[in-house]
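Keep in mind that this is a model prediction, so the values were computed, not measured. Chain identifiers are assigned alphabetically (A, B, ...) following the order of the sequence lines, protein sequences preceding nucleic acid strands; residue numbering begins at 1 within each chain.
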Amino acid sequence: MSIYCCNLSAVTKDSFEESSLKLYRQQFVISSALLAKKHIANQSTVSQQYAYFLEDLSAQTGTEIFYDLKIPDLLKVHSPTFQLIAGKKLIEYADAISAVKILAKIPLTHKYRAEALLYSGVGMLLSQKVQEADKFFFECTIVADDLARKEKNELSKRYYKIIEDRCVINRARSQYQLGQYENALVHYQQIDKRSFLWPYTLSEMAWSHLKLGNSNRALGLAVTYKSPLLESYFTPESELLMALAYKEKCLWKDADVVIQNFYNKVKPQSDRILQMITKLDASNSLFDEIRRRENLAQDSFIRSIATQISKKVKYNFAIILQEKIIKEIEKTTKSKLNHLTEALEQLKHSNLLHINQMIKESLVTHLNKINKTSLELFNVSIEILADQRDIEYTSKPTTEAKKRSRGSNKNIPVKMTEYFYTFDGAFWADELGDYSFGLASQCQQ
Amino acid sequence: MPTIGEKMKFLICGMFFISYSNASFSKEKISYEYKQYERFDLGNLEVDGQVIAPGDISVRQRARNRIKREIRQREDFLDLIKDEVKYQR
């Protein structure tokens with residue numbers, strides 16, 4: 001999507017400013033936004049009154065349509081929405097200091113204040129200023145909670161809850177980055193199991209347990225992704241975690257089984273993704289293809305990828321925008337505003353390209369994750385061979401081999417705040433996230 | 001006029017010179033041929049000396065080479081954070 005997508009000079013003889021206001025009054029909000037963008041790009045400054053109008057307009061169109069404005073153009077508009085977009089873009093360009101300054105201008109009571117704090121924290125974390133980042137995330141949790149309490153609209157409440165959860169997770173990540181794994185786990189445990197972000201925290205919690213040397217807990221968390229409820233989550237890293245946890249316990253055969261299963265399962269999946277990317281690379285029908293396959297029950301792997309993509313906020317905003325454009329095209333066609341219809345058709349095509357690009361990126365990311373994990377598992381298998389050879393060379397022959405035990409409470413350190421459920425091959429919804437293995441280490445002392 | 005004795009001297013010198021030059025021009029080309037195959041039976045060779053190596057088969061001890069692969073341990077989640085921000089809005 002680009003502000004240069006549509007030929008708007010033919011749309012109006014008035015100035016872009018006047019035309020955008022006029023179209024807004026006539027309820028053509030998308031068309032109004034197109035002209036407003038032209039006005040912002042053409043002027044050196046934007047009046048405060050027009051900034052207020054843009055704030056209202058963006059509330060109706062969504063922020064997605066303004067995202068292609070350049071940062072200097074965004075900064076011409078003194079409105080929290082445009083400051084939020086500018087701040088987020090600056091973080092993507094790795095200019096955290098400027099981003100934090102701009103985001104700080106968003107008023108305390110504004111609906112985007114919590115999100116601005118989230119971005120500020122992320123900016124600091126990416127600049128390796130972990131302590132400052134933690135402060136932003138902490139403030140974000142308080143502001144998001146406060147805004148959620150005051151909000152009556154259920155959708156808005158959910159939005160604030162997601163922002164709050166993201167800030168809590170990022171606090172946990174900050175602690176992890178500082179090497180405070182116990183503290184990280186305390187933050188992760190604050191995430192409600194009903195939150196859609198909760199399944200993503202399982203692998204991060206497993207890493208924390210692995211770092212603390214509690215590989216039984218790590219194993220229990222990694223294996224949770226195999227439950228039917230979490231089947232749609234594509235997490236190749238959980239396989240790496242399982243292999244590492246088994247390796248820690250010197251259970252090499254089990255680690256080897258995990259590695260072999262991964263290769264057997266993932267190789268055809270990787271081929272299929274590659275096939276999809278190459279087949280659809282030249283066309284723009286990827287979006288339709290994904291949507292069509294999303295409904296196919298038998299194609300569980302592609303359905304799981306589609307589910308993952310549909311959970312991305314930006315993707316949903318783009319879909320909502322597409323629906324709004326289609327509705328407005330119907331209205332302009334009825335009103336015989338042909339020039340506007342033409343401009344909106346161009347915008348529709350441009351937005352579709354944008355959606356397709358997001359899907360392609362997502363598929364490539366999946367593929368890269370598979371390849372990365374494959375390489376890492378290969379390294380683990382080499383290390384396992386080396387470990388076994390070490391034992392052969394260095395260990396004294398023992399008359400009694402350790403008796404293999406597959407689970408005992410003695411092998412699991414349990415804290416007051418932690419639950420413990422043994423995993424007996426069946427998953428129970430309320431027990432998810434609290435499974436632990438009780439395997440004894442087979443490493444010779 | 002040279003005397004008979006002087007003529008004889010001259011004749012003898014001339015004959016000596018002619019016979020020498022003939023001998024030098026008629027020298028044959030000698031080609032040396034080396035032995036094309038020779039078999040050594042090392043088992044039958046006897047060498048005088050003292051045996052200092054151990055009699056049985058031995059391997060010289062050396063440090064064992066351990067294959068070391070770098071296994072990734074997550075130190076941060078920055079890759080995930082970047083991805084989340086990208087698709088947040």
Side-chain angles (χ1 to χ4, degrees), chain A residues 62-64 67 84-85 88 91-92 115 118-119 121-123 125-126 128 130 162-163 166 169-170 172-174 176-177 179 197 200 203-204 207-208 210-211 237 240-241 243-244 247 309 311-315 317 358 361-362 365 372 375-376 378-383 385-387 389-390 393, chain B residues 20-89:
Chain A
T63 51
E64 194 64 19
Y67 201 78
L84 184 83
I85 303 170
K88 185 186 169 265
I91 282 163
E92 285 183 69
E115 197 174 332
L118 168 67
Y119 293 148
V122 166
L125 205 56
L126 295 177
Q128 302 294 331
V130 188
I162 290 170
I163 296 292
R166 282 216 188 282
I169 292 169
N170 282 329
R173 288 166 174 172
S174 309
Y176 185 96
Q177 207 166 323
L197 294 173
Y200 298 102
S203 64
E204 296 179 25
W207 275 114
S208 306
L210 208 60
K211 287 275 187 185
E237 201 166 279
L240 175 68
L241 278 160
L244 285 175
K247 184 183 166 292
I309 295 168
K311 280 185 176 148
K312 292 183 192 294
V313 179
K314 198 176 177 67
Y315 172 83
F317 281 163
M358 265 194 275
E361 271 180 23
S362 213
T365 309
K372 199 175 168 188
L375 178 66
E376 280 160 2
F378 172 73
N379 286 340
V380 174
S381 63
I382 295 285
E383 269 297 299
L385 283 174
D387 279 356
R389 217 161 68 117
D390 277 349
Y393 274 86
Chain B
Y20 180 77
S21 60
N22 277 350
S24 64
F25 282 116
S26 63
K27 205 173 189 178
E28 275 182 29
K29 214 175 182 180
I30 300 161
S31 62
Y32 296 95
E33 205 169 280
Y34 292 94
K35 207 182 266 180
Q36 285 186 344
Y37 176 76
E38 190 172 8
R39 185 172 180 275
F40 292 94
D41 186 355
L42 293 171
N44 276 341
L45 282 178
E46 283 182 17
V47 180
D48 288 336
Q50 204 182 346
V51 179
I52 54 165
D56 52 346
I57 295 168
S58 66
V59 177
R60 206 174 153 199
Q61 216 170 18
R62 61 173 172 81
R64 193 166 66 82
N65 187 24
R66 190 191 190 281
I67 299 167
K68 183 81 188 155
R69 299 296 287 233
E70 197 66 37
I71 297 178
R72 185 173 67 103
Q73 293 281 334
R74 259 201 185 277
E75 299 306 324
D76 55 54
F77 295 101
L78 295 181
D79 56 330
L80 299 180
I81 295 169
K82 275 183 197 168
D83 201 48
E84 276 171 16
V85 168
K86 191 177 175 187
Y87 292 107
Q88 172 68 27
R89 182 175 286 279

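Minimum heavy-atom separation, A/Tyr176 to B/Arg74: OH-O, 2.8 Å. Of all heavy-atom pairs spanning B/Arg89 and A/Tyr67, the tightest one is O-CE1, 4.1 Å. A/Trp207 and B/Gln73 get closest at one heavy-atom pair: CZ3-OE1, 3.9 Å.
In this structure, NZ in A/Lys312 is found 11.5 Å from CD in B/Gln88, a value given to the nearest 0.5 Å.
Applying the 6.0 Å contact sphere to CD of B/Gln36 captures no more than 12 heavy atoms from other residues, nucleotides or ligands.
Residues B/Glu84 and A/Tyr200 bring no donor and acceptor atom of their side chains to less than 3.5 Å of each other.
Put simply, of B/Leu80, B/Asp76, B/Ile81, the one with the most heavy-atom pairs under 4.5 Å next to chain A is B/Ile81. Per-residue counts of heavy-atom pairs under 4.5 Å with chain B were compared for A/Thr365, A/Asp387, A/Asn170; the largest is that of A/Asp387.
Heavy atoms closer than 4.5 Å to chain B are found in the side chain of A/Leu240, but not in its backbone. The contact between A/Leu84 and chain B is made entirely by side chain atoms (from C-beta outward), counting heavy-atom distances below 4.5 Å. Contact of A/Lys311 with chain B is not made at all, since no heavy-atom distance falls under 4.5 Å. When heavy atoms are compared at a cutoff of 4.5 Å, A/Glu383 approaches chain B by way of both its backbone and its side chain. Only the side chain of A/Leu244 comes within contact range of chain B, with at least one heavy atom under 4.5 Å from a heavy atom of that chain. Only the side chain of A/Ile163 comes within contact range of chain B, judged by heavy atoms closer than 4.5 Å. Within the 4.5 angstrom heavy-atom criterion, atoms from both the backbone and the side chain of A/Glu204 approach chain B.
Taking 4.5 Å as the limit, every side-chain heavy atom of A/Met358 sits out of range of all side-chain heavy atoms of B/Lys86. Counting heavy atoms from C-beta on, the side chains of B/Lys82 and A/Leu125 never come closer than 4.5 Å. In this structure the side chain of B/Val85 reaches within 4.5 angstrom of the side chain of A/Lys88, judged on heavy atoms.
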